[in-house]
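As the structure lists them, so they are numbered: ligands from 1, and atoms in each ligand from 1.
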Amino acid sequence: MKTSVIGYPRIGELRELKFATEKYFKGDITQKDLKNITCDLRKKHWKIQSNNKIDFIPSNDFSLYDNFLDTAVLLNVIPKVYKQLQLNPLDEYFAMARGYQGEKGDVKALAMKKWFNTNYHYIVPKIEDDTKISLVGTKPFDEYLEASNLGISTKPVIIGAFTFLKLSKFTGKKTAKDFISDIIKAYSDIIKKFNELGAKWIQFDEPALVLDLNKEDINMFNKIYEGILSNKNNIKVLLQTYFGDIRDCYAKTIELDFDGIGLDFIEGKKTLELIKTLGFPKDKVLFAGIINGKNIWKNNYNKTLSLIKELKKYCKEVVLSTSCSLLHVPYTLKNEEKLDEKYKKYFSFAEEKLRELYELKKILSSNNEKDISEFIKNKKIFEEPRDCSNYDVKFKIESLIEDDFNRYPNFNEREKIQKHEFKFPILPTTTIGSFPQTEEVKKNRSNYKKGNISLEKYKEFNKKQISECINLQEKIGIDVLVHGEFERNDMVEYFGENLEGFIITEKAWVQSYGTRCVKPPIIWGDVYRLRPITVDYSVYAQSLTKKYVKGMLTGPVTILNWSFPREDISLKESAFQIALAIREEVLDLESNGIKIIQIDEAALREKLPLRKKDWNSEYLDWAIPAFRLTHSGVKPTTQIHTHMCYSEFSDIIKYIDEMDADVITFEASRSDLTIIDTLKENGFKTEVGPGVYDIHSPRIPSASEIKEIILEILKKIPKEKLWINPDCGLKTREYKEVVPSLENLVSAVKEIRRSL
Ligand code: GLN
Ligand code: ZN
């Protein structure tokens, strides 16, 4: 029995890639330095896999920013505006990822979107009518050779042609269909080159196959692969899918000339059933995704073994695989020095997952598997009870009644009451919450964590930051202020640290986009709040100004979605537990004089089932109520804001309205404001602040540019409903970018106000 890994994380065990890339952006290191660092990282990652005897080790899973963008560059999908900058290839690549502002021009970054149901974000390529898709890059071949030179033979991994076309954006008249023959040629050339290099297998990642597919999609998939596979010669082609089952095209897939098919048995609820009912061809290898690539709990060997046995009845050859790339889990438990073994024994990060593959292979190749010590040890973990329940919490959840989810009076009445209460100017300006996390802000936190400074000193520093932040916002002329979130490392981790039931790790970073990583907390047990969390800083911030300062919380769905969830209770139950804790915090803020409270749901969409049919039954019917539960207890004069980002909202717009917040701010500028039309068409009731500039890029928008955008929005949204704000929190930016950007934002608004 063989083992396979779909992809390995690349940011580095201690985020080496992040730090190196950021140094390069600042001009502190050269391209050559960056190259050396990345070379070392790849080598290290291949070696770890090879030490664990992985049979199919991926190459080209590495990326300097994003794999999807790598594929675009490989295929010559580079929009003209970037070519015109005439930068060197590396800087052109980063210009697409992050935007460019310098002596050669001023161009925005490409759009960034959530990668399926993960917290990873990919760069969306733009295909123009005159784009000529063809193989022009060499990255996959270079990395394959790099591994070969180390004596490691790898399985090159590339985003498949179907997913590439499905997820790219077409800017002109042409659509995916018009590029099919070019893309077949390009992928055939890739195969040809790998044949020359002597690669045995190539993996095409086709996660788009787990989406809702119509006839046309399936025809396109079929056409593309009939074309590509007719040119495969000696190489074996693995069609790799993940994040769900491929029920819409399974029948077609098994007819095509693939040598291996990779299916997800973790999230693919129907995968086994498909194999049982439609069979699996004898001449193909099944790559069975049984090691969860998205969660950090240990694999239950006993269950996996029964599944593999079942599969062997239908499939001639089964390879043990991860369920998706390990990109979505942290590197290794080894660095968690503060975590007690009593917890650790339940977890498995990327490196430990390699070990699990190794052990499963060992167990499965013995005749008497149940006698193998690794099996016995694993079985014991799942048999012992885990100390993680709180009966009080369980009781509170069971006692919830319908009215706990409804806020009174209804939105329209509240809107009137609040207009009267707050008397904001037209187009009120605000920000999303965080201000730049400078070196000294981070240092203060780490000094406190290391015990170098006292709690008093730590808080004193934060309060000084808050006071400067309030002054700055007043000086710029923002209407509704924020305290700046200097005490927070991350919007989810912070609540994880302060609520019971969570485990916080030290080094368990996961890449979110480009150089940005997050450290998701682990939900270990039942969640509850022991004491107020944010009240002190919020009340302090409000005491410094006559303007309103927003209390700033993270919503239950986002806390859940950006944590590693439990596997022993339902997501719904965890969400309600967190919602009750946040509700207590909301009510405490209110009773301490905070009049506006923002409850961020940045990740509301993240666990939305990828297939529309499953939305209500599996997700929205508890996610939206969980949010409503947090704020249904406040007075009509308390204004509830929420914020969302990074994703498509159009198709869930009516559910967003049902969250029943008073104001919602969201990311819009990087997705070309298409959302505005949807709001109009759906008669969206909640007041809205579509982000008027992109904070994920260092670029500073001019006042006239912002003014244009606002005027554009005003054509579709009544001025009484519109708020003006950036896309998202400002924590990743520097003051030298933030101050002029906000000044430009305020002056654009002032100009418009004069003309209204
Ligand atoms: N309030 C948070 C911040 O400003 C929201 C961040 C987010 O949406 N990702 O940082
Ligand atoms: Zn955001």
Side-chain angles (χ1 to χ4, degrees), residues 111-114 118-121 429-438 441-442 445 465-466 469 473 478 480-496 510-514 516-520 533-534 537-538 541 549-563 582 585-586 589 594 596-606 627 630 640-649 656 659 661 663-671 675 688-697 723 725-735 737-738 741-742:
M112 185 163 72
K113 265 196 202 153
K114 249 183 201 311
T118 73
N119 185 21
Y120 180 74
H121 304 81
T429 53
T430 191
T431 62
I432 307 305
S434 57
F435 266 70
Q437 292 262 330
T438 56
V441 168
K442 288 185 206 157
R445 236 188 353 254
Q465 292 288 319
I466 291 177
C469 184
Q473 294 170 81
I478 310 251
V480 173
L481 313 190
V482 295
H483 78 285
E485 301 182 27
F486 304 107
E487 74 287 10
R488 301 181 195 182
N489 167 31
D490 171 88
M491 63 190 289
V492 167
E493 191 180 27
Y494 179 70
F495 288 91
V510 177
Q511 187 177 18
S512 172
Y513 68 88
R516 173 120 180 91
C517 300
V518 292
K519 193 148 67 61
I533 301 170
T534 63
Y537 286 127
S538 280
V549 181
K550 293 191 272 192
M552 194 59 63
L553 305 174
T554 304
V557 186
T558 298
I559 294 182
L560 175 71
N561 285 350
W562 282 351
S563 299
I582 297 298
E585 187 70 13
V586 167
L589 282 170
I594 303 300
I596 306 183
I597 301 168
Q598 179 172 314
I599 309 166
D600 289 329
E601 281 293 15
L604 182 90
R605 213 198 141 103
E606 193 160 303
F627 181 84
T630 63
I640 298 293
H641 289 218
T642 186
H643 164 76
M644 283 181 196
C645 46
Y646 303 131
S647 46
E648 290 265 0
F649 308 115
I656 296 179
M659 292 163 76
V663 180
I664 171 167
T665 57
F666 50 79
E667 192 239 288
S669 68
R670 234 175 147 164
S671 39
I675 177 87
V688 289
V692 294
Y693 85 86
D694 174 17
I695 64 90
H696 302 94
S697 147
W723 288 64
N725 45 263
D727 250 343
C728 191
L730 304 166
K731 63 186 285 188
T732 54
R733 298 268 65 88
E734 295 183 31
Y735 276 104
E737 298 148 3
V738 163
S741 300
L742 291 179

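Counting the atoms of ligand 1 from 1 in the order shown, those under 4.0 Å from a heavy atom of S434 are 3 (C), 4 (O), 10 (O). In summary, the atoms of ligand 1 found under 4.0 Å from a heavy atom of G433, numbered by their order in the structure, are 4 (O). Counting the atoms of ligand 1 from 1 in the order shown, those under 4.0 Å from a heavy atom of M491 are 5 (C), 6 (C), 7 (C), 9 (N). Under a 4.0 Å criterion applied to the non-hydrogen atoms of M552, ligand 1 contributes the atoms 1 (N). For ligand 1, the atoms lying closer than 4.0 Å to a non-hydrogen atom of G729 are 3 (C), 4 (O), 10 (O).
Checking only distances, Q598 never comes within under 3.5 Å of ligand 1, N or O to N or O. Ligand 1 has no N or O atom lying under 3.5 Å from any N or O atom of C645, backbone or side chain. Checked by distance only, ligand 1 and W562 stay at 3.5 Å or farther apart across all their nitrogen or oxygen atoms. The shortest N or O to N or O distance between D600 and ligand 1 is under 3.5 Å.
Taking the side chain as every heavy atom from C-beta outward, E485 and K731 never approach each other to under 4.5 Å. Considering only heavy atoms from C-beta on, F627 stays 4.5 Å or farther from L604 through its side chain. Two residues are said to be in side-chain contact when any heavy atoms from C-beta on lie closer than 4.5 Å; E606 and W562 meet this criterion. With contacts defined as side-chain heavy-atom distances shorter than 4.5 Å, the pair N561/N119 does not qualify.
With sequence neighbours excluded, no residue forms a side chain to side chain donor-acceptor pair (under 3.5 Å) with S434. By the side chain to side chain contact (heavy atoms under 4.5 Å, CB included) test, T665 pairs with I432, H643, N725, sequence neighbours left out.
By the criterion of a heavy-atom distance under 4.0 Å, the side chain of E485, and not its backbone, is placed next to ligand 1. Of all the heavy atoms of C728, the ones lying under 4.0 Å from any atom of ligand 1 belong exclusively to the side chain.
Centred on the Zn ion (ligand 2), the angle running from H643 (NE2) to C728 (SG) is recorded as 120°, rounding to 10°.
Remark: L481 CG to I466 CD1 distance equals 12.5 Å, nearest 0.5 Å.
The aromatic rings of Y513 and H121 sit perpendicular, their planes meeting at an angle over 60°, well past the 30° parallel limit.
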